[in-house]
Each structure stands twice: as structure tokens, then as C-alpha cells.
A.B. asks: 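Take this structure, written in C-alpha cells, and hold onto it; I'll ask about it next.
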There are 2 protein chains.
Amino acid sequence: MSQLATMNVTVAPVDKFREFLLTKKMRLTPEREAVVTAIYSSHDHFDADQWVDSLAGRKGSMLASRSTVYRTLHLLQEAGLIRKVARANDREVYEHDYGYPQHDHLICKKCGDMIEFPNEMISSVLETVAAEHGFRMSGHRLEVEGICAKCSRPPQRTHRKLDMI
Amino acid sequence: MSQLATMNVTVAPVDKFREFLLTKKMRLTPEREAVVTAIYSSHDHFDADQWVDSLAGRKGSMLASRSTVYRTLHLLQEAGLIRKVARANDREVYEHDYGYPQHDHLICKKCGDMIEFPNEMISSVLETVAAEHGFRMSGHRLEVEGICAKCSRPPQRTHRKLDMI
DNA sequence: TTTGCTGCAGCAACTAGTTGCATAGGTTAG
DNA sequence: CTAACCTATGCAACTAGTTGCTGCAGCAAA
Ligand SMILES: [Mn+2]
Ligand SMILES: [Mn+2]
Ligand SMILES: [Zn+2]
Ligand SMILES: [Zn+2]
């Protein structure tokens, strides 16, 4: 999934989150910590449901309720720790927005694959456009849709010695 | 809302829709025609709800059910007549994608205003990126978020002779 | 301790949007 | 004409995500 190199960061995500919460006079509760720890335990695109499942009842033990997971996801976005990246299969797809270089995605309509690409050019075009409009840009979300190289190869079946009967 | 000039098109939206449906061996039913006519009766950003309201029961007589409105919106996207442009107030925002020049939007987090800007530069950057990845791009969705010029002016109150008591 | 205040969790009810299903109705063959 | 076929509709049930409410924990004043 991740073909871009990761970056080292000095402040751990949990601490960055605590700092953010302090500025809003909010606390890093055990529930909120459970969510941020879970999310930063692996570096992948993810959706809310998998954490609702594992943190709130259905599959795992109750570490945070469904509402709390969703509310914490909002806080994590505000804090700049995660961002919405696309919508796939009726679900919002998120990713880490901290400790990882800026990029956008080519999204294959057939297989759903999300190919990451760095976006300096686009960012700088947007800086210019925003300046022209006196617009203070804080971020962007770009979904490029189409068919990936794998899926657009002619329907020649995948390489195989012999078909099964 | 629209600060970009409109373009003249030869084929009317309803006819373009009928053509598209034919290629899929589908019919332009009265319900589908009602939806596309309603949507093309004005040239604005819009959301599904307003057409569900006016076409399905609640306000007028039933021209197309809720499901049919939503299903027709999908078809209109496939047909290249409309496209999703952003998400605002928990609703998808659509706009005409036919008879109007390509553009993207600066979206103000405070007032919700959507400022349109033409996007040739961005399209061409994306063409290059897509080519590099052997990706056959069919479209994109770009939301630039931030604070618009109006909203970022110092909090000097709006011009008013005398405050109300 | 008791009392009061505040922030947060969990619940349940809600909204936008999707989908399975039964059936209405159009199209074609006989 | 009818029968078979097939598409598209409307309904109702469903899903992802949001929100108002209530009650409880943590802290502070009395
Ligand atoms: Mn990514
Ligand atoms: Mn627009
Ligand atoms: Zn693919
Ligand atoms: Zn604004």
C-alpha cells in the first residue's frame, strides 16, 4: 500500500494529540488514548468501522463506544493527525496525516486500488490560486479516478500453467 | 455562485441522457426524465435532498420516488451530466458536468462558500502523473479547504449604523 | 464530608444514502 | 390477442455516521 518513504517525527502521535486537546481544554481520556493508539499501531489506509469493531464491543472488548470512536476521529482530524482521503464502498477512508509525506491518490474504479503520488506541483498551483482569491488554504483532498495499469491490461487471463478442470 | 461563463452545447441534456441510456439498453422513463429536467432547470450546485423533496411526495405530487431519484443521480454521473463536487452539511453536493467549463472549488470552512476556479494546470499535472503510472484517468474531485477572503477579514463587525439594544 | 460544577461516555434516536424484493408495465414472439 | 421476458419502480429495511440527552467521574469550594 505505502510506496512512499516514511518520515521520522520527534513527537509521538499520542503526545501530539494530548497537546492539541490541551489547547482546547480537553483531556486525553483512556478512551481517546485507546483510539489514537489503535490507529497508529499500523500505517495503512483505514475506515471507521474496523476500529468501531475492535474497540466497541462487536468483536473486541469495550474500550470506547461507537460514538466515542467517531468523535475521536473528528478530533484527530482537527489535530492534524489523520485526514479523510477518499470514499470507498460507502465508507470514508482515512490515513495518517503526521509522520508521512504529503501525497494524493489515483483510485482505480475496478479494483479499488489507491496509488499514492507526491503532490508538490499541485500544492504549489493551489497556493497560487488561493493567493489570487485571498483564500487562506488549510488543506485539500484530491481523488483521481480511473482505471489502473493492472486492470486496463487486455483481459488476457492471469499467468497460469494449466487451467483447473 | 457561477462566476465562470457558460458554454453552448449542441445536444440537450435530456437527449444526451437518452443516448447514454440507449447504449446501456435502458429507457428514458418519465421518472428519469423528470429528474434530469428538474436538475437542468437551473444551473447551480445542488444536493439530492432538494430533488427528493420536490419530486417524491413531500412537497409536490409524486414524480419519482426517493430511490429513483438517487438511482438516477448515479446514472447521470455515469452519463457525464453531473458530478459530485464536495460534501457540505453532511450532504453530497453535485453540479452540472455538461455545458459548463471544467473547474474546481475553494471551500470556506466558515461560511461554506464555494469559489470556482478553472483547473487547466491541475488537469495537465494529473495527466502527467497518470501517464507515469499507466493509469487511465477518467476524472477527478478536488476540494480545497480554508477560509475565504470575506471571512478572514479582521472581526470588525459588519457595517451597521447603531447596534440593537 | 457534602454539594455543586464541568466534561465526557454511552445510549438511542435520528439523517443521508443504498439495496433486496415484489410487482407494474413495456416489448417481443407466437 | 396472450404469454414470456425483462426493465424499472416504490416500498421498506438496512448501513454509516451524527447528535441530544442523561448520568456519572473528577475536582473544587464550603
Ligand atoms: Mn495514502
Ligand atoms: Mn462549481
Ligand atoms: Zn485496478
Ligand atoms: Zn467564508
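The figures here come from the full heavy-atom set of this structure, side chains too, leaving out hydrogens, waters and symmetry mates. Lettering of chains follows the sequences in order, A, B, ..., and the numbering in each one begins at 1.
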A.B. asks: In whole Å, what is the span from the CG atom of A/Leu73 to the P atom of D/dA16?
C.D. replies: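 Atom CG in A/Leu73 sits about 14 Å away from atom P in D/dA16.
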A.B. asks: On the side chain of B/Arg71, is there an atom forming a donor-acceptor pair with the base of D/dG10 - under 3.5 Å, no angle test?
C.D. replies: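 Between D/dG10 and B/Arg71, which were checked side chain against base, a qualifying N/O pair under 3.5 Å is present.
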A.B. asks: Between B/His96 and B/Tyr40, is the gap from one ring center to the other below 6.0 Å?
C.D. replies: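 Yes.
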A.B. asks: Would you check if the distance from the ring center of A/Tyr100 to the ring center of A/His43 is below 6.0 Å?
C.D. replies: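 Here the rings of A/His43 and A/Tyr100 have centres that are less than 6.0 Å from each other.
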A.B. asks: Just how far, in rounded Å, is C1' of D/dA8 from CE of B/Met26?
C.D. replies: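 After rounding, the gap between these two atoms is 8 Å.
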A.B. asks: If you assign each of B/Asn89 and B/Arg27 to its closest nucleotide in DNA chain C, which residue comes earlier from the 5' end?
C.D. replies: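 Of the two residues, B/Asn89 wins.
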A.B. asks: Looking at C/dG10, D/dT18, C/dC8, which one has an atom nearest to any side-chain atom of A/Ser65?
C.D. replies: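 Closest of the options to the side chain of A/Ser65: C/dG10.
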A.B. asks: Report yes if at least one side-chain N or O of A/Arg91 is closer than 4.0 Å to OP1 or OP2 of D/dA16; otherwise report no.
C.D. replies: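 Yes, such a contact exists.
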A.B. asks: Counting only side-chain heavy atoms from C-beta out, which of C/dA9, C/dC11, D/dG10 sits nearest to B/Met62?
C.D. replies: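 Nearest nucleotide to the side chain: D/dG10.
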A.B. asks: Whole angstrom is fine here: how far is it from OH in A/Tyr70 over to P in C/dC14?
C.D. replies: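 About 19 Å, once rounded to whole Å.
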A.B. asks: Between C/dC8, C/dG17, D/dG17, spot the one nearest the side chain of B/Ala48, thanks.
C.D. replies: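 Among the listed nucleotides, the one closest to the side chain of B/Ala48 is C/dG17.
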A.B. asks: Would you mind reading off the distance between B/Leu28 atom CG and C/dG26 atom P, rounded to a whole angstrom?
C.D. replies: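 So the two atoms are 14 Å apart, to the nearest Å.
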A.B. asks: Around atom CE of B/Met121, are there more than 12 heavy atoms of other residues, nucleotides or ligands at under 6.0 Å?
C.D. replies: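 No, CE of B/Met121 has 12 or fewer neighbouring heavy atoms, counting only those of other groups under 6.0 Å.
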A.B. asks: Atom NE2 of A/His74 and atom P of D/dA16: how far apart are they, to the nearest Å?
C.D. replies: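 After rounding, the gap between these two atoms is 15 Å.
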A.B. asks: Starting at atom CZ of B/Phe46, determine the distance to atom C1' of C/dA16, rounded to an integer number of angstrom.
C.D. replies: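 In whole Å, C/dA16 C1' lies 16 Å from B/Phe46 CZ.
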A.B. asks: Separation of B/Asp47 atom CG from C/dA16 atom P, in whole Å?
C.D. replies: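 Taking CG of B/Asp47 and P of C/dA16, I get 9 Å after rounding.
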A.B. asks: Please give me the minimum heavy-atom distance between A/Val144 and B/Phe135, naming the atom from each residue.
C.D. replies: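 Smallest heavy-atom distance, with atoms named: O-CZ, 3.9 Å.
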A.B. asks: Mapping B/Ser67 and B/Lys25 to their closest nucleotides on DNA chain D, which lands nearer the 5' end?
C.D. replies: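 Result of the comparison: B/Lys25.
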A.B. asks: Looking at the base of C/dT18, is there any donor atom on it, or on the side chain of B/Arg66, that sits under 3.5 Å from an acceptor on the other one?
C.D. replies: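 Pair found.
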A.B. asks: Hey, is NZ on B/Lys109 packed in by over 12 heavy atoms from elsewhere, all under 6.0 Å?
C.D. replies: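 Counting neighbours around NZ of B/Lys109, more than 12 heavy atoms of other residues, nucleotides or ligands fall under 6.0 Å, so yes.
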A.B. asks: Rounded off to whole Å, could you give me the CD-to-C1' distance for the A/Glu31 and C/dG7 pair?
C.D. replies: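 Taking atom C1' of C/dG7 as the reference, CD of A/Glu31 is at 12 Å.
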A.B. asks: OP1 or OP2 of D/dA8 less than 4.0 angstrom from a side-chain nitrogen or oxygen of B/Thr68, does that happen here?
C.D. replies: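 For B/Thr68, the contact criterion (side-chain N or O under 4.0 Å from OP1 or OP2 of D/dA8) is not met.
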A.B. asks: DNA chain D: B/Ala64 or A/Arg87, which has the more 5' nearest nucleotide?
C.D. replies: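 Comparing both residues, the 5'-ward one is B/Ala64.
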